[in-house]
Amino acid sequence: MCGIIGYVGKQQALPILLEGLKQLEYRGYDSAGLAILTGEGLQVRKAVGRIASLEGRVLAEPDTHVLSGSVGLAHTRWATHGAPSEANAHPHLDSRRHIAVVHNGIIENHAVLRQFLERAGVVFTSQTDTEVLGHLISYHMNGDPPLHSEPSMHTILPSGQSSESGVATTQPKAPADTRLPTVDLSPTNGSAPGPEPLTLLESVLAALSQVVGTFGVAVLSLDEPQTIVAARRGSPLLVGIGKDEFIVASDAAAIVAHTSNVIYLEDNEAVEITPGKLRTVTLDAVPVSKTVEHIAVSLSEIELGNYRHRMLKEICEQPESLHNCLRGRLDALGHRVIFGGLASVERELSRTHRFLLTGCGTAWHAGLVGGYLMEDLARIHTEVAVASELRYRNPLIDEGTTLIAISQSGETADTLGALREVRDRGALALGVVNVVGSSVARNTDAGIYLHVGPEIGVASTKAFTAQVAVLSMLAMWMGRRRHLSTERYAELVHALAQVPTQMAEVLAQSDRIAEAARKVYAQENWLFLGRGYHLPVALEGALKLKEVSYIHAEGLSAAEMKHGHIALLEDGFPVVALAPQGSQYEKMLSNIEECRARGARIFAVGTRGDQRLRALVDEVFEIPPLPEPLQPLLAVLPLQLLAYHTAVLRGCNVDRPRNLAKSVTVE
């Protein structure tokens, strides 16, 4: 959820940290903070709100030279424990104010650790679970946590003095009787505090051995001023490798301006970085050899360009992004699908008799489309489950079950949990992800990358269409190995190859969709109706509107509307109907008539030139004719634009919707 960046090297850390935070802001933007080790001590600055608030506060200081230093950490927060405030913003410090910690994830046993430390005399200054980490690391490093509180802005001097506004004050030492009581808090790796102080790495490992939960954590200390230690369990971290410099981050977006060479930390691994050295170990202190990988993300891909918002940019990128997704996989001339990434599991896939698709949010909606595709084209029994529910079920997994985990980021905590649960029960596990080297990609037997480039807008758009395209190709690929005729297979391959061009045609209606949105943007309740392949599209359209405009919207089967939801309809009530020509077209027209009879204002997505539909509704957004299994790829585009334009008209921040973050790495 949150964003982490840390720098160790020869350059000034401040501009690198601030720029990195801006690139990570889509991962959380409730508050932000930074800590820099300088010649004058440990400098900490925090601010509530967007990164611009922190940047403005820092740049407004009369003596910005005090932030001069080449080692630092920064963090942008999506609140879990405690409301957005300076006290709850990261970095968090230990009681000595020698250690700074930034953290993504949730410490599940923080209450127990907090109670223990409070009995020792530690005074907590935030409501967060993260603050216990700094105190716990300090305990292992020093064994004597004193009584102190943490102001929101301060300078920590090497001598242990603190200064605010240039005035230094000496902090009193803790009384001897505030030492931790005699309890078993020693780490499982045997590195309990003793007469000899532990290194920062040893102290971090010792503290994390007592933590239950998930973390991507980075730590620096006045006692080792050229070092950052980072570790992960369930929350992504990577290290960018430059010339005598390293950048640790939770996302590649924060480092692409500096290097394309990275190592990825796996779960239960830690890294110690200094200006000229990198060392990786397990959380049990066993050395680990890592392979340096090259990230393909370019700076131009994450820049906004000439677009007003990232969401609009990513909607409009879909013709190109889908072309990149299909490239090398769709042989339109040979009328076949090619999946090199599945070669190693092709024999096992041929024996699959049941697919289990899982994901969260938009990825779940893509999976729902995939469920229709697998049963329709491949004739394989398919179940689609929300990952957050699947991981806590007792699913029946037998031989011949294949799991498909769908995630844009590849780091979604619930999807990873479901993947591990089902794979442990013996299922073949495939991943459909966008981010190369992500946790889902590394925890599956094989998989398919989306190749749509970075998706930074919080509301997913181009990832959805690519996920649906990949599942379409997979269903066609499986179907041809079972029952799908040569003619039908060739028809679908040819039609899918035309979709990127057709997307551009649909997106050209953007101005007309904006005018339609102007008629209803003030309405607080909407319905999205679909049947068959278009039920998941209706769900996705409603989700997009909720995410970016804060309008209450429901997506549902048009057939189910009369079983309760029709009670909502009244004059002017907005209804968005998915009605391209297909197997349930006549039924859909009947449902539209029911809405029309009750005074609803109806927008429809329909096949180009459909005069019957046009006569029944207030506005039609047209898509070109194409086979029904592929229609969702085009039908969703007007709904994305409708959500975008509605949100803009309502004055909402479409790229940073309230309460949301891009990659949900906590439960």
Side-chain angles (χ1 to χ4, degrees), residues 361-362 365 368 459 509-582 584-607 610-623 632 635-652 654 657-659:
T362 288
H365 296 158
L368 290 172
Q509 300 173 79
S510 180
D511 289 345
R512 194 160 62 82
I513 293 171
E515 285 303 310
R518 195 174 297 278
K519 301 172 185 176
V520 290
Y521 74 90
Q523 296 284 344
E524 296 295 336
N525 297 283
W526 296 35
L527 283 182
F528 287 72
L529 305 179
R531 300 179 74 119
Y533 278 103
H534 294 292
L535 171 56
V537 179
L539 295 172
E540 176 62 11
L543 177 62
K544 284 291 142 307
L545 189 68
K546 284 182 280 194
E547 286 178 316
V548 298
S549 73
Y550 319 141
I551 289 171
H552 172 249
E554 290 189 61
L556 64 145
S557 167
E560 282 294 300
M561 179 188 62
K562 57 185 173 290
H563 296 294
H565 297 82
I566 200 168
L568 297 171
L569 298 186
E570 58 186 1
D571 284 346
F573 191 104
V575 172
V576 182
L578 281 299
Q581 292 175 349
Q584 298 193 58
Y585 172 70
E586 296 292 341
K587 298 287 186 184
M588 195 67 208
L589 292 187
S590 297
N591 296 136
I592 290 172
E593 289 275 21
E594 293 166 354
C595 296
R596 184 185 182 205
R598 288 156 178 83
R601 183 186 291 273
I602 305 170
F603 297 154
V605 176
T607 304
D610 187 344
Q611 297 305 315
R612 288 183 64 193
L613 178 63
R614 184 173 295 279
L616 295 177
V617 302
D618 295 274
E619 192 76 52
V620 178
F621 311 131
E622 294 185 334
I623 65 172
V636 74
L637 302 184
L639 307 191
Q640 294 173 349
L641 287 169
L642 185 61
Y644 169 77
H645 289 301
T646 300
V648 171
L649 287 166
R650 291 169 68 93
C652 300
V654 295
R658 69 186 183 201
N659 304 331

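By convention here, the first residue in the shown sequence is residue 1.
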Does a side-chain N-to-carboxylate-O contact under 4.0 Å join [X] and [Y]?
X      : Y      : result
Glu622 : Arg614 : yes
Arg598 : Glu594 : no
Glu515 : Arg512 : no
Glu570 : Arg601 : no
Lys519 : Glu619 : yes

Discussion item. A side-chain contact here means heavy atoms from C-beta on lying under 4.5 Å apart; do Leu368 and Glu540 qualify?
Written reply: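 Side chain of Leu368 against side chain of Glu540, heavy atoms only: no contact under 4.5 Å found.
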
Item to complete: Report yes if the side chains of Val654 and Tyr644 come closer than 4.5 Å at any heavy-atom pair, otherwise no.
Response: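 Yes - at least one pair of side-chain heavy atoms lies under 4.5 Å apart.
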
Fill in: Lys587, NZ atom: more than 12 neighbouring heavy atoms under 6.0 Å
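No - once you tally the heavy atoms of other residues, nucleotides and ligands closer than 6.0 Å, there are 12 at most.
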
Worksheet item: Crowded around Tyr521 OH? As in, over 12 foreign heavy atoms under 6.0 Å?
Response: no

For residues [X] and [Y], report the shortest heavy-atom separation together with the two atoms involved.
X      : Y      : value
Thr646 : Ser549 : CG2-CB, 4.3 Å
Ala517 : Leu649 : C-CD1, 3.7 Å
Cys595 : Leu529 : SG-CD1, 3.8 Å

Worksheet item: If you round to the nearest 0.5 Å, how far is CG of Asn591 from CD1 of Ile566?
Response: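 Atom-to-atom, Ile566:CD1 and Asn591:CG are 8.5 Å apart.
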
Item to complete: Please determine if Arg658 forms a cation-pi arrangement with Tyr550, meaning its NZ or CZ atom is less than 6.0 Å from the six-membered ring centre and no more than 45° off the ring axis.
Response: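 Pair Arg658/Tyr550 counts as cation-pi.
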
